[in-house]
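Proteins come first, then strands; the chains are lettered A, B, ... in the order of their sequence lines, and each starts at number 1. Below, each value reflects all heavy atoms present in this structure, side chains not excepted, and no hydrogens, waters or symmetry copies. Model, not experiment: these values are computed from the prediction.
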2 protein chains.
Amino acid sequence: MKEALRKKGVPLTPQRLMILDVLQGSHDHVSAEDIFHEVQKSYPYINISTVFRTLDLLKDLDMVTVTDLGGGCLRYHTVTNSHHHHLICHRCGSTTEIEDSVLEPVRRAIDAGYGFEAQMHHFAIWGLCRECRHTDKEQQ
Amino acid sequence: MKEALRKKGVPLTPQRLMILDVLQGSHDHVSAEDIFHEVQKSYPYINISTVFRTLDLLKDLDMVTVTDLGGGCLRYHTVTNSHHHHLICHRCGSTTEIEDSVLEPVRRAIDAGYGFEAQMHHFAIWGLCRECRHTDKEQQ
DNA sequence: ATGACGATTGCAAGTAATTGCAACTGCATA
DNA sequence: TATGCAGTTGCAATTACTTGCAATCGTCAT
Ligand SMILES: [Mn+2]
Ligand SMILES: [Mn+2]
Ligand SMILES: [Zn+2]
Ligand SMILES: [Zn+2]
């Protein structure tokens, strides 16, 4: 990731290096606030807008994904070659990870029909989970 | 829509009626701010949080969709029986409407594989349009 | 070394959306 | 008519994120 940025001629400032370290070190979906607090431990002068601006930069270079998984703030994570997506039940909040291959037919249909390269790297798909569908039916 | 709300026992306050009128009267994707200003013309005491709370209510009842189409704020529109989605080029900003049928295979695969009822009523799918794909290739 | 220039940062102010709370509304009951 | 109560509203404060701007940094030419 750092190497890729260097190749593109993107200046790797100390702040950016620390943000990248946190991003790569955490295997979860992190918020800007998470990163901010983590970097603050070693560099208290870090500013939250630098974090947002660095995340914007990485997003524009397709190196991180930004997703609204609920919870009041956007979540970021580094793009790997194997994508995945999330099913989120908006009744019970449960989440399920799904493989990218599920979206492949859509990607192909959109390419074939519109010449559009759909960049769906990390989707949040909201709906009703198996359990909540059942309880909803019983209530009728 | 008003009738459906009455049936569910949702109180139809004057504020909610005015918000519903604006929502149904505009065939575009409207922002909360748009609705707020339109209602203000006839009722200057309307409060923006009442608009957001009413939109939340309608969203929870699956009567409006909320979508980030870029532009710095969320866009709302009433749910009709024929859904559609948007392709948005994050290089030139151009948008294309696509039919819901494109997403049908995904909906089916998610149902078959996970028992999850994916509620994809109004998606924004970001990527590269035909033209921008070409100019990107030429630059290499 | 010095100066110019573009890019980055910190800070403060601004924006879109949410939340806590007290006042108000509509409706049911006594 | 008076009282209680759930739900709604307006207002102010808060949150997540963005933006404008001046100070600073790194790089390169002189
Ligand atoms: Mn994920
Ligand atoms: Mn639309
Ligand atoms: Zn559920
Ligand atoms: Zn384009």
Tell me whether [X] is salt-bridged to [Y], with the criterion being a basic N under 4.0 Å from an acidic carboxylate O.
X     : Y     : result
A/D34 : A/R75 : yes
A/K59 : A/D56 : yes
B/R16 : B/D21 : no

Worksheet item: Between B/F123 and A/F123, is the gap from one ring center to the other below 6.0 Å?
Response: yes
Once you round it to whole Å, what is the distance between [atom2] of [N] and [atom1] of [X]?
X     : N      : atom1 : atom2 : value
A/F36 : C/dT9  : CZ    : P     : 14 Å
A/N47 : D/dT24 : CG    : C1'   : 14 Å
B/F52 : D/dT14 : CZ    : C1'   : 14 Å
A/I46 : C/dT8  : CD1   : P     : 14 Å
B/I35 : C/dA16 : CD1   : P     : 14 Å
A/I48 : C/dA12 : CD1   : P     : 15 Å
B/E33 : C/dA17 : CD    : P     : 8 Å
A/R6  : D/dG26 : CZ    : C1'   : 15 Å

Fill in: Sorted by number, the residues of residues 7-30 of chain A with heavy-atom contact under 4.0 Å to DNA chain C
A/P11, A/T13, A/Q15, A/R16
Worksheet item: Looking at side-chain heavy atoms only, is the closest gap between B/L23 and B/L55 below 4.5 Å?
Response: yes
Worksheet item: Is the closest side-chain heavy-atom distance between A/T65 and A/H121 below 4.5 Å?
Response: yes
Check: [X]/[Y] side-chain N/O donor and acceptor closer than 3.5 Å:
X      : Y      : value
A/D100 : A/H85  : yes
A/S26  : A/D28  : no
A/H29  : A/H122 : yes
A/H90  : B/Q119 : yes

Worksheet item: Hey, is the side chain of B/Y43 poking within less than 4.0 Å of OP1 or OP2 on D/dG10, counting only N and O atoms?
Response: yes
Worksheet item: Is A/L74 touching bases, backbone alone, or none of the nucleic acid, heavy atoms closer than 4.0 Å?
Response: sugar-phosphate
Fill in: Where A/I46 and A/F36 come nearest, the two heavy atoms and their spacing
O-CE1, 3.3 Å
Worksheet entry | Sugar-phosphate or base contact per nucleotide [nucleotides 20-25 of chain C; S, B, -; heavy atom under 4.0 Å] | B-----
Discussion item. Below 4.0 angstrom, which residues in residues 54-65 of chain A have at least one non-hydrogen atom near DNA chain D?
Written reply: none
